[in-house]
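These notes concern the structure reproduced below.
So that the names make sense, note that chain A is the first sequence line, chain B the second, and so on, each numbered from 1.
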Amino acid sequence: MSDKERREHIRNFSIVAHIDHGKSTLADRILEYTQTVSTREMEEQLLDNMELERERGITIKARAVRLGYDAKNGEHYTLNLIDTPGHVDFNYEVSRSLNACDGAILVVDATQGVEAQTLANAYLAIDADLEILPVVNKMDLPSANLDKVRQEVEDIIGIPAENCPAVSAKTGLNIDQLIESIITELPAPEGDENAPLKCLIFDSYYDSYLGVVVYVRVIDGTVRPGDRIRLMSTGMEYDIVDVGTMGAFGLDKCGELKAGDVGFLTASIKTIGETRVGDTVTSAENPAEEALPGFRAVQPMVYAGIYPADGARYGDLRDALEKLQLNDAALFFEAETSIALGFGFRCGFLGLLHMEIMMERLEREFNLDIITTAPSVIYEITLHNGTVLRVDNPTNYPAPEEIEIAAEPVVKANIITPTEYVGGIMDLCQDRRGDFIDMKYIDTERVELHYDLPLNEIIYDFFDALKSRSRGYASLDYELSEYRPSKLVKLDIMLNGDVVDALSFIVHEEKAYARARKIAEKLKENIPRQLFEIPIQAAIGSKIIARETVKAMRKDVLAKCYGGDITRKKKLLEKQKEGKKKMRQLGSVEVSPEAFMAVLKLDEE
Amino acid sequence: MSEKQNKKRLGIYIHIPFCKSKCAYCDFYSGNFSAADREEYLFCLVEHIKRLAPTADDYAVDSIFLGGGTPTVIGGEGIARIGEALSISFHLSRDTEFSVEANPGTVERADLDTMKRAGVNRISFGLQSSHDSELKALSRIHSYSEFLSAYSDARDAGFDNINIDLMYGLPDQTVDSFAETVERVSALSPEHLSLYGLKIEDGTPFGRMRDRLVLPDEDSEYEMYLMAADLLRAAGYRHYEISNYAKPGQECRHNLKYWDALEYIGFGPSAYSYFGGRRYGYIGDLTEYIAAVKAGCEPIEYSEEITEKDREAEYIMLRLRLRDGITRGDFYDRFGIDFAEKYREKLSKYIFLGIMENDRDRYYLGDRGMYVSNTVISDIAEFDV
């Protein structure tokens with residue numbers, strides 16, 4: 001079989017969709033239909049194999065699987081399905097996964113039509129030069145409107161959809177047609193198996209026996225065990241131990257991977273930080289002249305301090321973060337100390353979802369109670385002396401008199417909403433210091449809004465507020481666009497006269513008063529009365545802008561203590577003592593981890 | 001019985017688990033039982049007293065307390081039978097304090113006379129409030145005027161040591177209405193007053209309607225507490241325990257045993273004992289109690305050995321309820337430990353905060369400190385759990 005003939009029998013594709021449009025269910029159905037997985041073996045939504053992913057119904061990290069399919073033309077085909085993360089926090093990973101493909105299935109819900117992430121993902125696929133096969137899903141629902149959705153795909157995305165497959169991933173309707181369309185509509189990979197090696201890394205994970213398992217798409221050349229390879233972004237070299245493909249239930253080793261193939265390689269690589277998504281693998285002996293385009297090092301966008309609720313578990317927290325980092329190169333952490341919270345870590349995340357997932361995994365998989373400080377973006381501060389600082393922790397924010405320019409990250413936000421909620425959403429964006437760019441009617445019922453929004457306005461509770469103002473219908477997509485000078489101030493919170501460093505945050509001047517009042521009120525609600533009166537103050541520099549008072553405790557007593565009460569009271573006091581141990585001493589004030597979290601909690605509405 | 005000089009002292013508590021009806025706040029074990037049940041219980045109680053008395057052969061009983069429930073439900077005769085059984089089986093001191101709790105709605109003059117003859121020398125009336133509306137809200141079965149006549153009957157019968165129980169922090173109660181109650185009652189000049197802040201207990205009618213009750217807030221309840229303490233102090237009472245006030249020398253000897261961590265034996269369902277280094281409690285069920293006693297068994301439901309560490313922690317917990325507090329010398333005699341030295345840092349903190357007072361070698365909580373005593377005690381006392 002010639003190189004061309006071999007490639008003709010491969011299809012590398014992704015499935016992209018707006019959240020909840022049925023991407024994972026469709027993937028399952030394809031696996032089942034191609035008998036890669038039997039119905040009996042089938043664990044629902046096999047591709048999403050983290051418990052958390054299944055609960056949230058989203059794919060956190062890309063996975064890939066190889067399928068075999070006998071087409072109607074009598075030929076046998078290899079299909080490589082590369083799953084992509086389904087959230088805006090992971091846009092870069094999505095783009096790399098798409099670059100490993102030649103085509104993409106764009107799933108659109110027959111009842112919902114095109115949504116913000118449908119568009120965003122379609123554009124990402126178009127940017128990656130992929131052929132797009134639209135598929136209308138959920139045809140089993142009574143409210144399915146095939147013609148309307150097909151028309152939307154043509155009008156809004158601008159790709160033909162007249163004869164696109166109309167399926168139900170749930171019932172299996174027309175899945176056979178869809179798979180046949182993958183062969184007929186999506187292109188086979190290009191490439192030259194004899195050219196110098198170029199593989200795109202699109203995912204990797206750490207295995208304690210194999211070291212890092214690197215998922216690659218071979219663009220050109222051939223790679224075999226024993227070959228010496230080089231990672232082009234770092235220049236690091238390794239010897240290939242194994243290559244192979246991804247079966248539904250594990251890795252299948254094979255002798256070689258050639259241009260057009262999707263597979264894995266292992267090379268005794270110790271940390272996944274070395275195998276960066278988007279990097280190019282080439283041959284050390286016969287290297288390619290240039291790397292594949294589009295690589296960039298992952299940059300966390302959101303930072304927060306993470307502390308063990310029980311200070312004694314600092315070591316456990318470090319171990320847990322190290323373990324999580326083994327499989328998540330985007331997770332950044334370094335040790336930091338807070339006067340209020342003791343020893344902990346400054347952690348960087350791709351976005352809020354990424355952060356929430358990490359928090360949940362720390363609590364669930366590692367059984368840790370943690371306290372997180374308010375999330376912060378990175379501010380670029382230019383001092384009078386010309387020094388530029390990147391500040392990800394409010395504690396390190398310079399004094400106002402030293403600052404020449406303070407700049408904050410701004411994102412381009414794309415919001416799609418039914419027309420009736422436009423007013424409320426525009427108010428929200430305005431309230432969040434958004435700059436209106438434009439508004440486009442998708443059809444008579446839906447509108448696409450474009451705003452420039454400061455990232456620090458989005459990371460608090462923007463998404464929840466958006467959902468509540470649109471009864472859940474509006475969808476959001478955003479990408480970082482630039483740093484803009486802004487009137488920022490650092491707000492400090494003082495309890496009984498002492499600044500609580502963990503509660504300091506950076507905020508726009510106009511927002512400072514409202515935020516200060518809200519935080520002071522929340523602290524008042526959540527700090528239990530103590531033996532003395534506690535003033536709560538919010539200050540910018542030395543100027544107090546909000547004040548509340550927690551009154552002194554008046555009553556903590558057992559009125560009666562006779563015979564049998566003594567045993568009961570002993571237990572009560574012992575419990576009280578245990579509760580005390582969990583309290584954080586903030587200066588002279590005791591605050592429970594729960595109170596801390598309540599104050600930092602993101603929902604403000 | 002003759003009293004020997006070297007005998008240890010002992011208190012006896014007897015639980016009478018009978019009530020005509022349950023009050024809305026009460027979580028003590030009691031019920032409305034038949035006359036036959038009451039008779040059987042008295043019979044058992046006397047048996048139980050006879051059986052256990054020999055274990056306290058080297059003790060002299062100097063306090064007896066009949067509590068409930070409503071002890072007066074069994075009538076003067078019933079109380080006299082118990083008194084008789086105790087005096088036959090135990091060594092009673094000549095000056096034994098013999099208290100009986102009385103519900104103003106269930107005590108007749110004749111009962112009071114019988115009790116007096118039987119050796120009862122202290123009556124504790126459960127009044128709770130001088131406002132009939134508040135009494136009704138608590139589902140008490142008596143009115144204020146019924147109390148007044150019961151009180152004067154008791155005086156006429158010769159009782160010169162009377163306690164009155166009051167409650168504050170009640171639904172819809174105000175600082176003024178409680179002040180009125182305290183003033184009215186102190187004008188009667190009882191020897192002793194107990195003032196209890198209402199606590200909503202699970203399993204009571206109040207517990208079930210917890211969310212619907214309009215209760216005075218923390219600050220108002222504290223105001224009631226302080227106001228009463230001031231009024232009673234001015235009327236010549238000593239605020240000797242968090243909830244208790246007495247004219248000088250009229251402190252309740254029996255209750256002081258609890259707070260001094262002295263020994264006592266309890267009889268009856270749900271009664272607790274602290275005896276021979278152990279604290280144990282009987283089952284809170286009349287039928288099971290009777291069955292066990294008849295079978296010659298001890299109906300113990302809960303029992304714990306009090307370790308040395310717990311003894312110290314309990315002593316701190318109990319003594320800090322008392323205005324007398326803890327003195328360095330007494331503490332050293334009991335535990336061989338210098339209290340002031342061992343707890344120096346914490347004591348200084350509370351003295352600094354004005355929660356604790358220090359009078360030479362004595363450490364105690366003032367009015368304000370008493371009302372936040374849980375915070376202080378849970379910080380200082382180290383229980384052995």
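Note that CD of B/Glu241 and SG of A/Cys561 are 8.0 Å apart. Values are rounded to the nearest 0.5 Å. The distance from the CG atom of A/Leu531 to the CG atom of B/Leu353 is 6.0 Å, given to the nearest 0.5 Å.
For B/Tyr282, no part sits under 4.5 Å from any heavy atom of chain A, backbone or side chain.
Remark: A/Lys560 is positioned above the aromatic ring of B/Tyr196, its terminal NZ or CZ atom under 6.0 angstrom from the ring centre and at most 45 degrees off the axis.
Between the side chain of A/Lys577 and the main chain of B/Ala381, a donor-acceptor pair closer than 3.5 Å is present. Under a 3.5 Å cut-off, the side chain of B/Ser373 and the backbone N or O of A/Val557 do not form any donor-acceptor pair. Side-chain N or O atoms of B/Arg321 include one that pairs as donor or acceptor with a backbone N or O of A/Leu558 at under 3.5 Å.
Tested against A/Tyr562 for a ring-ring contact (aromatic ring centres under 6.0 Å, His included), the candidates B/Tyr13, B/Tyr272, B/Trp259, B/Phe65 yield a single pass: B/Trp259.
A 6.0 Å sphere centred on CD of B/Glu308 holds more than 12 heavy atoms belonging to other residues, nucleotides or ligands. For A/Phe343, the CZ atom sits in a loose shell: 12 or fewer heavy atoms of surrounding residues, nucleotides or ligands are nearer than 6.0 Å.
Between B/Asn374 and A/Met553 the shortest side-chain heavy-atom distance does not fall below 4.5 Å.
Ion pairing between B/Asp219 and A/Lys555 fails under the 4.0 Å rule for side-chain N and carboxylate O. Electrostatic pairing of B/Glu218 and A/Arg529 counts as a salt bridge here, judged by a charged N lying under 4.0 Å from a carboxylate O.
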